[in-house]
Asker: 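There's a structure below that I have some questions on.
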Amino acid sequence: MNDTPEKPTAAKKAPAKRTTTKAPAKKTAANKTAATKAPATKAAAKTTAKAAAKKAPAKKAPARKPESRTAVVRRARRINRELAELYPYAHPELDFTNPFELLVATVLSAQTTDMRVNQTTPRLFAVAPTPEDMAALPPEELEELIRPTGFFRAKTKSLIGLSTALRDRFGGEVPGRLEDLVTLPGVGRKTANVVLGNAFGVPGITVDTHFGRLARRFGWTTQEDAEKVEADVAAIFPKSEWTMLSHRVVFHGRRVCHSRKPACGACPIAPLCPSYGEGETDPEKARKLLKYELGGQPGQRLKPPADYPGQPAPPMAPPAAAS
Ligand code: SF4
């Protein structure tokens, strides 16, 4: 998860003309619908990509007056429903089997891709499956194990620090409260929300680089500071939606609404987006920008959930044999 803040863009552009779209999805949580709605095959993923391209508007919408607060909230909730239909299989893209693994993987995900973390953690957790094991590892050994994720010295310090704190202050268990999690070395609000939302079922909004960028493009906030973005978005959506909303928005940011080249011409929520036109609007060209399962590429997880319609990520290539 890359945390580099990006410049807001939505505020600079006039909102798009409101367009009548298909009827909103049923008020069913995406995690409930995932099992029934997710495409089950690669072919289904392709169909999703084609549908995405088909739904895109042909030309840029004209500017119109700023929206009322009520209109912003209504449009935001419609976007959430559309994203729930588009990504019924949205999930955290880090492989984990327990709260400790998720906490470690999230710390490792700073400034790198989730796929690189997923390729690194199997070896790490085989050597150090518990906080006690990780706290006892010699730092040089831990550095070597996590080196592929980058910034491995700082991350080693955080992992040994947080593992020691879990062992000494929390009985070797990951605490399920935000105020405790943020006292752990290397754990900020974003990491704490990831762990709470996905390991403890406590609703949380995860503002990473993708979420912040899309929240600004959607006109949900003009803020760049992650905590302020979180507060603005929290005021729009009910708590029960926070965790899945985070996954859906991040999924869309990784697959369609990229930082530099958003695929507007292949974006199913273009009619609801005030930033339509910021990226490629030609449907053919835009479709080529789609990524992961929408672009026919492997996903980020080596062990994705059963309903994921794409291919799993490949394991890390073994080091080249010495000649
Ligand atoms: S890809 Fe374009 S239309 Fe779609 S959400 Fe991003 S900026 Fe809006």
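One is the number of the first residue; the rest follow in order along the sequence. In each ligand, atom 1 is the first atom listed, and ligand 1 is the first ligand listed. Please read all numbers here as calculations on a predicted model, not as lab measurements.
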Asker: Are M115 and L145 co-members of a hydrophobic cluster defined by side-chain heavy atoms under 4.5 Å apart?
Answerer: no
Asker: Just need the protein heavy atom nearest to atom 2 (Fe) of ligand 1, so name the residue and atom and give the distance.
Answerer: C264 SG, 2.3 Å
Asker: Do me a favour and list the nearest non-hydrogen protein atom to atom 7 (S) of ligand 1 with residue, atom name and distance?
Answerer: S275 O, 3.6 Å
Asker: Examine the side chains of E241 and N80 and answer whether a donor and an acceptor come within less than 3.5 Å of each other.
Answerer: yes
Asker: With a cut-off of 4.0 Å, which atoms of ligand 1 are near a heavy atom of F218?
Answerer: 5 (S)
Asker: Could you grab the distance from atom CZ of R167 to atom CE of M134, nearest 0.5 Å is fine?
Answerer: 13.0 Å
Asker: Taking 2.8 Å as the cut-off, does an N/O/S atom of H252 lie below it from atom 4 (Fe) of ligand 1?
Answerer: no
Asker: Cationic tip of R147 within the cone over F152's six-membered ring, i.e. under 6.0 Å and within 45° of the normal?
Answerer: yes
Asker: Under a 4.0 angstrom heavy-atom cut-off, which atoms of ligand 1 come close to C267?
Answerer: 1 (S), 3 (S), 4 (Fe), 5 (S)
Asker: With respect to atom 6 (Fe) of ligand 1, please indicate if C257 possesses an N, O or S atom at a distance under 2.8 Å.
Answerer: yes
Asker: Strictly by modelled atom types, are H247 and N198 linked by a side-chain donor-acceptor pair under 3.5 Å?
Answerer: yes
Asker: Roughly how far apart are I269 CD1 and L83 CG, rounded to 0.5 Å?
Answerer: 4.5 Å
Asker: Atoms of ligand 1 less than 4.0 Å from P262 heavy atoms?
Answerer: 1 (S)
Asker: With a cut-off of 4.0 Å, which atoms of ligand 1 are near a heavy atom of A270?
Answerer: 3 (S)
Asker: Provide the number and element of each atom of ligand 1 under 4.0 Å from a heavy atom of C273.
Answerer: 3 (S), 5 (S), 7 (S), 8 (Fe)
Asker: Which residue, R248, E82, H252, forms the side-chain hydrogen bond (donor to acceptor under 3.5 Å, both in side chains) with Y87?
Answerer: H252
